[in-house]
Amino acid sequence: MSDLASRPRLLLRRLHQVMAGPGSAQERLERLTTVIAQNMVAEVCSVYLVRAGEILELFATEGLKKEAVNKTRLRFGEGLVGLVAQRALPLNVQEASSHPRYVYREETGEEDYHSFLGVPIIRHDKVLGVLVVQNVKQREYTSEEEEALLTVAMVLAELVGGGELVDPAEMSNGLTQSGLPLSLKGQKMADGIAMGIAVFHEGRVEVTRFVAENVDDEKARLLEALNTMRAQIDKMIAAPEIGMAGEHHDILETFKMFAYDRGWQQRIFDSIEAGLTAEAAVERVQQQNRRRMIATPDPYLRERLADLDGLANRLLRTLAGRSDSEVLEGQSIIFARNMGPAELLDYDREKLCGIVLAEGTSTSHVAILARAMGIPLIGRCTDAAAHVNAGDKVIVDGDTGQVLVRPSDDICDTYRESIELKREQAAQFRAERHLPTVTRDGVRVELFMNAGLQSDMMHLESLGADGVGLFRTEFQFMVSATLPRLEAQRELYAAILDIAGDKPVTFRTLDVGGDKAVPFLPHEEEENPAMGWRAIRIALDRPVLLRYQLRALMMAAVGRTLSIMFPMVADVSEFRAARKIALKEWNRFEKLGAERPAKLEIGTMLEVPSLAWQLEPLLKDVDFVSIGTNDLMQFFFASDRSNPRLIDRYDLLSPAVLNFIHMVVEKCDKANVPVTLCGEMAGRPLEAMALIGLGLRRLSISPMTIGPVRRMIRSLDLQRIEDYIVAELHSPAHSLRASLYNYAYDHDVDL
C-alpha cells in the first residue's frame with residue numbers, strides 16, 4: 001500500500017484514538033487540533049463552534065494565540081470563518097487578507113498567516129462549527145487536501161455533537177414554542193386539506209462509528225446492503241399498484257437507475273478506502289452531493305440530487321438493519337427536510353394524509369407523486385422543524401400553502417366542517433356528472449379537463465368531463481434521467497387514449513425549459529426563464545426532439561383522431577414551422593405504408609399576446625385555438641404570477657383582459673375555428689360565467705373544478721349574461737369582479 005493511500009486512514013485512526021482517549025471534551029479537542037495541523041502540514045489548525053444567535057467562538061487552536069480561545073467571536077457571514085458557516089461550503093484562498101470578507105482579530109495573531117482553508121462542521125444538516133487550517137506561505141490547498149479536511153470535519157462532528165462543549169439547550173434558543181398555536185407558511189405543491197398528528201420522517205440513521213477497523217469488511221457490508229436495497233426497489237416497482245399508474249413506475253425506474261449508478265457507488269467505496277466505515281462513507285458522499293445541490297443553479301440537477309439524498313438514507317437504513325417500511329399509528333402528517341419518491345411510497349397510504357417539506361419544488365419527484373396520489377403537500381416550509389414537535393396536532397391546507405400547528409379546538413372544528421363539506425360537495429358533483437352542461441336557455445357548453453399524469457385520467461368518467469382539453473406531456477420527460485424511449489412515449493399516449501375511449505384528448509407537445517429543466521438538454525441560468533428558451537422555441541431549435549414525440553403520438557393514435565397543439569407560439573411563422581414538421585411525420589407514415597391516425601388535428605396555444613395580432617393569417621392554418629390564460633395573463637400584465645407581492649395587483653376580470661379575450665373569440669368564431677380556454681381562470685365559477693358571456697363555449701379546467709362550474713352553467717341565462725358583460729366591456733373600472741358578483745346574486749346564478 002502506498003503512503004498516499006494509507007495517509008487518510010492513519011489520520012482517521014489517530015483522531016479516533018484521541019477522541020476515545022482520556023480527558024475532557026475540551027482537552028481532546030485541543031489535542032485534535034495538534035494532530036490535524038501536523039497531518040495537514042499546517043502552521044495553524046483552529047476550531048470555531050456555534051453559540052446561540054449564530055455566533056462562532058474560537059474553542060481550540062494550534063498556532064494562534066491561546067488567549068484568543070473563548071474570546072474571539074464572529075457572526076455568521078462575518079469574516080472568512082463566518083462565510084464558511086453561512087454558506088455551509090468550504091473556502092480555499094491563497095491570500096486571506098485580500099479576500100473582501102476578511103476580518104482581522106488582533107488577539108489571534110493571525111496576521112502572519114496567508115493561506116486559508118476552512119470547512120464547515122456539519123451534523124444532521126446543521127452547521128455546528130468551522131474547522132480551519134492556515135499556513136504562513138501563500139498556497140492553494142489541493143482538492144485532495146480539501147476533501148481530507150471535510151472528512152476530518154465529519155469525524156469531528158461526532159465530538160462536537162455530543163453536547164459536552166456547547167450545551168444543546170443553548171442552541172435550541174427557545175425556538176420551539178411548545179403548546180402554543182402557530183401558523184407557518186410554505187409553497188403549495190399538491191392541493192387538498194388534511195388533519196393529523198405530526199410525524200418526523202425517520203429517513204436518517206445516526207452514524208456513531210466513523211473509523212473502519214477492517215476496510216475489506218466494510219466494503220463487503222456495503223456491497224451486501226446495496227444488493228438488499230436494490231432488491232427492495234425492484235420489489236416496489238413490481239408491485240401491482242405501481243404498475244397501474246405510469247408516473248409511479250417511471251419515477252421509480254429513474255430512482256432504480258440511481259441505485260445502480262456506478263459513479264455514486266464508487267465514491268462510497270473510495271471513502272471506505274480512505275478509512276471510513278460503510279455508514280460514514282455513505283454519509284460522506286451524501287454531504288458531497290448536498291454541497292453540489294446548494295451550489296448548482298440547475299433546478300433539474302437539484303431535484304435529482306435530492307433523489308440521491310433519499311437513496312443514501314435508504315442505504316443507511318439498510319446498513320443499520322432497519323425495515324424499509326415506515327409504520328404510522330394513525331392519521332399522520334409527515335414532516336421532512338426532503339424526501340425521495342420511494343420513501344413516500346414506504347408509508348401506509350391509509351394513514352398518510354399530508355406532507356410538509358422544508359425544501360422541495362413543484363416539479364420534484366415526490367411532489368409529482370403526491371399530486372398523483374391525492375396527498376396534500378406543502379414545500380419550502382423552512383421553519384417547521386424549529387416549531388413543530390412530534391405528536392403535535394397539525395392541519396395542512398394545501399389550497400393556501402398554510403400549516404397550522406397545535407390549532408385550537410374551534411379551528412379544528414372549522415376545518416373538519418370544511419373537509420366534510422368538500423366531501424359532501426364532491427359526492428353531489430359526482431352525482432350530477434351525467435347532467436347535461438346546458439344553460440337555462442338551452443345552450444350547450446363543453447367542459448373538458450386538464451391533465452398531465454396518467455392517474456389524472458380516472459377523473460374523466462367520475463366527474464363527467466367531455467374530454468381532455470389539455471394533456472401536458474412534459475412530466476414523462478421531467479421524471480426521466482434520459483430522453484424517454486419512443487416505445488415508452490407511445491405506451492403512455494396509447495394508455496391515455498384508451499382510458500379516454502370515445503372522448504377527445506388534445507395533447508400539448510413538450511413544454512420544457514425555463515423552470516422545467518430536463519437532463520438531456522443544455523440548461524443555462526436565465527434572468528427571465530418564463531420568457532426564455534422553452535417550449536416551441538426548444539422544439540424548433542431541436543426538431544428531432546419534436547419529431548420523436550410526434551412519431552410516438554401518431555403511433556399511439558392509430559385508427560383514432562389525434563389532436564395536438566404547440567405551446568408558447570409567439571409568431572405565425574413559428575406555428576407554420578412546427579406544423580410543417582408534424583406533416584412531415586404524417587407523410588412519413590404514408591410513405592412507409594404504416595398505420596396512422598384516422599385524422600390529424602393541429603392547433604396552437606395562444607399564450608403570448610403578440611399572436612393575437614396575427615390571428616387572420618393564423619386562423620387559415622390552424623384546426624383549433626386554445627387560450628392558455630396561466631402564461632398569457634402574466635405576459636399580458638408583465639406580472640410574475642409566482643411573486644406574492646403581485647398576486648392581488650392585477651385582476652383577471654379587468655375590462656382589459658375581458659376585451660382581449662372577446663376579440664380573440666369573435667375572430668375565431670368568424671373564421672369558424674373552434675376556440676377553447678384552458679387555465680385556472682376558467683376553473684372559478686365567477687370567471688367562467690364571464691368567459692361564457694364573452695362567447696366561449698369550450699372550457700378546459702382542473703378536474704376538481706368541473707362540478708362547481710357545471711352547476712353554475714346550469715343556473716345561467718346565457719342571453720342575459722352576454723348582454724350584460726358586453727355592455728360593461730368599456731368600463732373604466734379596475735375590475736368587473738364586484739359588479740359580476742352582484743349580477744350573479746341578482747340573477748340566482750349558483751356560484
Side-chain angles (χ1 to χ4, degrees), residues 14-15 17-40 42-88 90-91 93 96-97 99 101-124 126-136 149-150 152-175:
R14 289 190 66 190
L15 293 178
Q17 289 169 357
V18 172
M19 289 171 64
S24 67
Q26 180 63 40
E27 289 170 339
R28 283 177 281 150
L29 183 65
E30 290 168 358
R31 288 200 297 272
L32 286 170
T33 59
T34 302
V35 171
I36 296 167
Q38 290 172 350
N39 187 270
M40 297 290 295
E43 281 90 16
V44 172
C45 175
S46 306
V47 175
Y48 296 79
L49 299 185
V50 177
R51 307 297 304 244
E54 294 193 332
I55 297 295
L56 291 153
E57 181 179 309
L58 179 62
F59 259 69
T61 184
E62 171 69 27
L64 298 183
K65 293 179 180 178
K66 295 296 182 182
E67 54 264 35
V69 173
N70 300 128
K71 178 181 178 182
T72 297
R73 290 189 166 195
L74 296 159
R75 295 185 302 275
F76 268 50
E78 182 183 12
L80 303 188
V81 173
L83 183 60
V84 172
Q86 182 184 56
R87 295 167 57 203
L91 182 63
V93 293
S97 61
H99 194 282
R101 287 290 188 95
Y102 176 75
V103 171
Y104 174 59
R105 289 285 189 267
E106 184 178 359
E107 71 274 8
T108 65
E110 64 178 336
E111 63 271 17
D112 294 331
Y113 303 105
H114 297 277
S115 55
F116 174 100
L117 173 59
V119 299
I121 301 170
I122 298 174
R123 192 166 188 252
H124 296 174
K126 193 173 184 179
V127 175
L128 300 183
V130 175
L131 173 62
V132 175
V133 293
Q134 295 172 271
N135 282 85
V136 172
L149 199 63
L150 281 162
V152 169
M154 177 183 167
V155 177
L156 194 58
E158 180 185 1
L159 175 64
V160 177
E164 295 179 62
L165 293 163
V166 178
D167 187 349
E170 176 186 339
M171 299 314 301
S172 67
N173 206 26
L175 284 175

Discussion item. Does any part of the side chain of M154, heavy atoms only, come nearer than 4.5 Å to the side chain of I122, both counted from C-beta?
Written reply: no
Worksheet, complete the sentence: When rounded to the nearest 0.5 Å, the distance separating CG of L15 from CD of E158 is 10.5 Å
Worksheet item: Is a side-chain N or O of E43 found less than 3.5 angstrom from the main chain of V136, in a donor-acceptor match?
Response: yes
Worksheet item: In this structure, are over 12 heavy atoms from other groups packed under 6.0 Å from R105 atom CZ?
Response: yes
Discussion item. Taking the side chain as everything from C-beta on, heavy atoms only, tell me whether S24 gets closer than 4.5 Å to L29.
Written reply: no
Worksheet entry | Heavy-atom side-chain contact between F59 and V69 under 4.5 Å | no
Fill in: Side chain proximity check, N70 to E57, heavy atoms < 4.5 angstrom
yes
Discussion item. Strictly distance-based, threshold 3.5 Å: is any side-chain N or O of K65 a donor or acceptor partner for the main-chain N or O of E110?
Written reply: no
Worksheet entry | L32 side, atom CG; E62 side, atom CD - distance, nearest 0.5 Å | 12.0 Å
Fill in: L156 CG to L49 CG distance, which is reported to the nearest 0.5 Å
8.0 Å
Worksheet item: Atom OG1 in T34, atom CG in N39: separation rounded to 0.5 Å?
Response: 12.5 Å
Discussion item. Quick check: closest heavy atoms across V155 and M19, and the distance to 0.1 Å?
Written reply: O-CE, 3.5 Å
Item to complete: Please assess L91 against H99 for the test side-chain contact (heavy atoms from CB on, under 4.5 Å), listing each intermediate value before the final yes or no.
Response: CA-CA 11 Å; L91 182 63; H99 194 282; 4.2 Å; yes
Worksheet item: When V132 is tested against each of L117, V47, I36, V81 for side chain to side chain contact (heavy atoms under 4.5 Å, CB included), which residue passes?
Response: V81
Fill in: Pairwise side-chain contact, I55 with R75, heavy-atom cut-off 4.5 Å (strictly under)
yes
Practice prompt. Could you give me the CA-CA distance, side-chain angles and deciding distance for Q26 and L165, then say whether side-chain contact (heavy atoms from CB on, under 4.5 Å) is met?
Written response: CA-CA 7 Å; Q26 180 63 40; L165 293 163; 3.6 Å; yes
Discussion item. So which atom in V84 and which in P120 form the shortest heavy-atom distance, rounded to 0.1 Å?
Written reply: CG1-N, 3.6 Å
Practice prompt. Classify the side-chain pair T72/E107 by whether it contains a donor and acceptor separated by less than 3.5 Å.
Written response: yes
Discussion item. For C45 versus L131, what's the shortest heavy-atom pair and its separation?
Written reply: SG-CD1, 3.8 Å
Item to complete: First locate atom OG1 of T108, then atom NZ of K66, and finally report the distance between them rounded to the nearest 0.5 Å.
Response: 13.0 Å
Response to the item:
Heavy atoms of V119 and P90 approach each other most closely as CG1-CB, 4.0 Å
Discussion item. Quick check: closest heavy atoms across L56 and G82, and the distance to 0.1 Å?
Written reply: CD1-CA, 3.7 Å
Item to complete: Measure the spacing between CG of L159 and CZ of R28 and express it to the nearest 0.5 Å.
Response: 5.5 Å
Worksheet item: Hey, does L149 have a side-chain heavy atom less than 4.5 Å from the side chain of M40?
Response: yes
Worksheet item: Taking E27 for the side chain and P22 for the main chain, is one N or O donor matched with an acceptor at less than 3.5 Å?
Response: no
Fill in: Evaluation steps, side-chain contact (heavy atoms from CB on, under 4.5 Å), between V50 and V166
CA-CA 8 Å; V50 177; V166 178; over 6 Å; no
Worksheet, complete the sentence: Heavy atoms of A157 and R123 approach each other most closely as O-CD, 3.4 Å
